[in-house]
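Worksheet: the structure to be examined is printed underneath.
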Amino acid sequence: MDSNLNIDQLIHQMKETKIPEVEISGKVMQEVLSFQGNQKRQWFRMSPIWAAICAVLVISTASVSAAALLKTNWNGIQINISDRGESILIPADKDELSFKDKFETYLAESSTIWEKISADEASVQFPFPLLRPQDSKFTLVQSFGVIPKDPDYRMKTIDEWYLGGFFDIFRWKQSEVMVKQDLDGHMADTVKDPSKTLELNFGASWEYVEVTDDILAMFSAGDIENRLLVSYKTADHNVITLELWGDMAKDDLIALAKTYVKN
Amino acid sequence: MRRHIDQVLNGNLDEFEMIVRHFERKIFSFCYFMLANRQEAEDAAQEVFFKAYRNLASYRHESDELLLAWLYKIASNHCRTLLKRKNKWLLLMPLFRNEGNEKSAEQTFSDKADVQLQLLEGLTAAEKEILALRVLEDRPFQEISAILGISSATVRKRFERIKGKLIRNRNQLEGTRYGQQFEY
């Protein structure tokens, strides 16, 4: 018995299997048009990490007015801006503390949970290659990492502030900027796997800055300081989020962010 | 395809229909092979293209072959999910069996037209995928391994195992027919 011949015959028979004729393009296009016209908002239930981390919106057109509704898509991530008057960011307190001051205060109060490590230790411990800024007019005065003392630590309430990440502090003239970077697992999962979906919803205080295949950037002016959020897609399709907080003009924050992501 | 993709991303949705028309036969064939049911395969293929549309911005186009491999990947994931659900439902079926236990017209159609698909009984979803890509599409093992995310050596080993199963299935099928003939 020649089993190879049997297999070849079998495979030949299978190739001869009559596949029914089909045309699905009409139904697909109905679904696509319906999706575009009648998208329902599905609020993404933010994990505590997301509640603390500012997500970046991709806007492929011009800046958005406070009343406009904008929907767009970046690397498979659906982004919606609406005039809800809310922000998922940590709101500015009325006592006029900067993000850096609030962060350092919170870190001191949470010393049983979080610890500071040096930049060298961070470069070893962090699960992604840290983005480093090129030389510029801004002076880098301090760099450090913050990690949970317990590697398996999980935030217990939605109000808890996630402090993990790598931090750079810059000075220029009389102004100070804090830059936080961290790996964004949710965004990376969606970028890497087309079958996954992610939808983010944000308030109307945000303004488009720049969008390319690799970079999303958005700006929000605050009472005390301004904020710039950048999501950067790396060559291996991870997503690193940069958050810049400081009392610098938008263009200066953008210039500083570019020192991290431009080669 | 590059031009069509760019047009879609710039908001010209009609261009997506060109992409669907170009690949619908291949993707439907794959789903039909996996699900062994025409209506389910049609629905599945539809869903594959819809998912591709929703995630088109994240796809980095390098060649038409790569686009097809990406679509196969989506189809593979989708069909596996459907098969898992179907298996769970089949376990519950005896609780909901109709007294008449009649086949639907669809099922009858499937049975008649897809005799060869009976050869696939007992194959796992993963094995069906390999067989579909190797037999229907004549994909080389290297490419199959990239689509399914497993090593080329694993694909080859599994293909050998699949061949053994097919032979056994065919022998059983022929044995059944033989037995039926003798009933009369």
Side-chain angles (χ1 to χ4, degrees), chain A residues 1-37 39 58 60-61 72-79 187-199 211 213-214 216 233 235 237 239, chain B residues 8-11 13-14 16-22 24-25 27-29 32-33 38 41-43 45-60 70-71 73-74 77-78 81 109-110 113-117 119-120 131-132 134-136 138 162-164 166-167 169-171:
Chain A
M1 172 88 70
D2 184 345
S3 61
N4 282 336
L5 182 59
N6 284 336
I7 285 293
D8 289 342
Q9 284 171 341
L10 255 180
I11 288 176
H12 179 74
Q13 284 172 6
M14 292 184 75
K15 279 181 183 283
E16 297 299 310
T17 299
K18 193 168 160 40
I19 306 286
E21 289 297 320
V22 71
E23 200 211 294
I24 59 169
S25 57
K27 287 183 186 171
V28 172
M29 291 313 294
Q30 271 179 19
E31 215 168 338
V32 165
L33 290 168
S34 176
F35 175 74
Q36 280 299 107
Q39 278 188 60
V58 178
S60 58
T61 57
T72 191
N73 187 292
W74 181 70
N75 285 292
I77 300 165
Q78 185 65 37
I79 315 289
M187 284 180 135
D189 285 348
T190 307
V191 166
K192 287 173 185 171
D193 186 349
S195 66
K196 289 192 173 157
T197 58
L198 176 64
E199 188 167 326
V211 60
D213 183 54
D214 298 328
L216 309 175
K233 187 177 77 172
H237 289 198
V239 177
Chain B
V8 174
L9 293 176
N10 284 332
L13 300 185
D14 290 340
F16 191 69
E17 186 167 0
M18 308 306 297
I19 298 173
V20 176
R21 285 185 181 276
H22 189 80
E24 63 183 348
R25 180 92 183 135
I27 298 302
F28 171 75
S29 298
Y32 187 66
F33 205 83
R38 181 196 172 139
E42 242 182 88
D43 293 344
Q46 211 176 302
E47 187 60 27
V48 167
F49 283 108
F50 186 52
K51 280 185 181 175
Y53 169 75
R54 293 206 311 264
N55 294 282
L56 202 60
S58 70
Y59 166 71
R60 191 187 292 272
W70 184 62
L71 291 170
K73 183 70 185 166
I74 300 173
N77 289 340
H78 187 66
T81 304
F109 170 81
S110 288
D114 311 331
V115 171
Q116 301 304 337
L117 291 175
L119 291 170
L120 306 184
L131 198 59
R134 183 73 178 157
V135 171
L136 288 185
D138 279 329
I162 290 164
K163 286 197 275 189
L166 290 178
I167 294 278
N169 285 351
R170 192 190 63 176
N171 291 342

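Naming convention: chains lettered A, B, ... in sequence-line order (proteins, then strands); numbering from 1 in each chain.
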How many angstroms lie between CG in B:L56 and CG in A:N75, if you round to the nearest 0.5 Å? 11.0 Å

Could you have a look at B:R25, B:M18, B:R21 and say which one has the most heavy-atom pairs with chain A under 4.5 angstrom? B:R25

Matching residue for A:K27 among B:E42, B:E24, B:E47 - test: salt bridge (charged side-chain N to carboxylate O under 4.0 Å, His left out): B:E42

Using non-hydrogen atoms and a 4.5 Å limit, figure out which bit of A:K233 sits close to chain B: side chain, backbone, both or neither. side chain

Turns out that what part of B:F16 lies under 4.5 Å from chain A's heavy atoms comes down to both

To the nearest 0.5 Å, how far apart are CD in A:E21 and CZ in B:F28? 9.0 Å

Heavy-atom distance under 4.5 Å to chain B: side chain of A:V28, backbone, both or neither? both

Separation between CD1 (B:I27) and CD1 (A:I24), nearest 0.5 Å, reads 8.5 Å

